[in-house]
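When a ligand or atom number is given, it counts from 1 through the structure's own listing order.
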Amino acid sequence: MNVYFDNAATTAMSRAALDEMIPTLTETWQNPSSLHTPGQLAKEKLEEARAQIAECLGALPGEIYFTSGGSEADNQAIVSAARWGAKRDKKHIISTKMEHHAVLHTLQKLEKEGFEVTYLDVYEDGIVHTEDVEAAIRPDTCLVTVMYANNEIGSIQPIAEIGAVCSEKKVFFHTDAVQAVGHVDIDVRKQNIDMLSLSAHKFHGPKGIGCLYARKGILLSNIIEGGAQERGKRAGTENIPAILGMAAALKDVLAHREENNAKISAMRDRLIEGVMQIPHTKLNGHAVKRLPGNTNFCFEGIEGESLLLLLDMKGIAASSGSACTSGSLDPSHVLLAIGLPHEVAHGSLRMTLSEYNTMEEVEYVISQLPGIIEYLRDMSPVWEALQKGEKQYVIQ
Ligand SMILES: *Cc1c(COP(=O)(O)O)cnc(C)c1O
């Protein structure tokens, strides 16, 4: 059996996205900046997609800027707020310890340029406390950036509460909603969100396309200079097929949100129940405030990489931490942020589901995993020491 349980890394394209894109690739290939009729028809399609996406977020079409994906949107949101702040002597930014690297590495770059960043604690369950955000805001704070839902442990943040605090204190609020889109309520006006990033390939759209919502009146700084596309804020000929595919994918996931969430969370709960039967196993992240498709476990005495290889041999595609940190030997910054010791954080397994998965796949994984864990523990010197009582278990 082949099982794809790595939907937080990327998702398969939906029929809705493909049906929209395939004809577009052969028919709507003209440049929307061209003044001729076919160019203007492409421009019309582009603007229709923009309006559709805006409506899904509770935004205005003029507040949507197409980008190459979530990373670029995160970069542009943060850099824009920083440039605005630098002109007003506001060089303090508030974020969290568990952001995606698209946010963290942008912040680190700004720190080298003289910005000060407060990285808020996310506690054991991976949730930011709104009071901590409020307490961290200073007169020189120009931006609060907190992700909507975490990509590793799936924890969902109190975005509307944080938005209300930022609005009251008149500080820009950006959220990386890449993992949340399609699963949670998003209304940028009601939730006081000034900027929001999303990425199509995380909700069954094509890769290499995303957008930044930036509230009217926010002056964006360019990451990419060139032509006057995207109202001068993002140069480069628009990727019309991908943009239309993203709009179609978004409409489709939102139309089926309730039923998808119910189906996905039922599979997730069964998976958690099955995996937790394995002794000395811990579920990472919040028990309830988590994405419907997210599971993340630590197994005492196990090394994550070998676990992934053995699962792969059984046809199971999963990940350890995030796709971005796999390949590096450092334990996940998210698991360290929720207080796991290094040696335990190394043994993590993330399995993320979508509505394309089935309960049969879940049962298959539950049937295979205990044997693999036992096999690895039998070879593990750490496990041997734990068994002999020479070492204390971290996970009871
Ligand atoms: C995947 C992801 C990104 C990056 O999006 P890309 O479109 O792949 O650049 C950013 N933030 C989060 C939370 C993600 O899961």
Note to self: As an exercise, identify every atom of ligand 1 less than 4.0 angstrom from a heavy atom of G69.
What the structure shows: 7 (O)

Notebook entry, point to check: T130 and E161: side chain to side chain donor-acceptor pair (under 3.5 Å), yes or no, with the steps?
Noted result: CA-CA 7 Å; T130 308; E161 279 180 26; 2.7 Å; yes

Item checked: Note, Y4 side chain near Y356 side chain (heavy atom, < 4.5 Å) -> no

Margin query: Which residue and atom name correspond to the protein heavy atom nearest atom 3 (C) of ligand 1, and how close is it?
Written below: H100 NE2, 3.5 Å

Margin query: Could you walk me through whether D176 and S197 satisfy the side chain to side chain donor-acceptor pair (under 3.5 Å) test, starting with their C-alpha distance in whole Å, then the side-chain angles of each, then the deciding distance to 0.1 Å, before giving a yes or no?
Written below: CA-CA 5 Å; D176 172 341; S197 311; 5.4 Å; no

Margin query: Just to confirm my output: which protein heavy-atom neighbour is closest to atom 6 (P) of ligand 1, and how far is it?
Written below: G70 N, 3.5 Å

Item checked: Residue, atom name and distance, where the atom is the protein heavy atom closest to atom 1 (C) of ligand 1 -> K202 NZ, 1.4 Å

Margin query: As an exercise, identify every atom of ligand 1 less than 4.0 angstrom from a heavy atom of N151.
Written below: 13 (C), 15 (O)

Next item on the list: Let me see the working for R350 and S319 under side chain to side chain donor-acceptor pair (under 3.5 Å), right down to the final yes or no.
Entry: CA-CA 5 Å; R350 179 184 75 175; S319 98; 3.2 Å; yes

Notebook entry, point to check: Parallel under 30°, tilted from 30 to 60°, perpendicular over 60°: which one fits the rings of H280 and Y393?
Noted result: parallel

Notebook entry, point to check: Where is the nearest protein heavy atom to atom 4 (C) of ligand 1: which residue, which atom, and how far?
Noted result: S71 OG, 3.5 Å

Margin query: Counting only heavy atoms, tell me which of H201, K207, Q179 gets closest to atom 15 (O) of ligand 1.
Written below: Q179

Item checked: Nearest protein heavy atom with distance in Å, relative to atom 11 (N) of ligand 1 -> D176 OD2, 2.6 Å

Item checked: Trace of the side chain to side chain donor-acceptor pair (under 3.5 Å) decision for T10 with K207 -> CA-CA 8 Å; T10 195; K207 280 169 249 304; 2.8 Å; yes

Next item on the list: May I ask you to check if R234 and F66 form a cation-pi contact, with NZ or CZ under 6.0 angstrom from the six-membered ring centre and within 45° of the axis?
Entry: no

Check: Which of the atoms in ligand 1, numbered in the order shown and given with their element, are less than 4.0 Å from a heavy-atom of M147?
Finding: 13 (C)

Item checked: Distance from atom 7 (O) of ligand 1 to nearest protein heavy atom, with residue and atom -> S199 OG, 2.6 Å

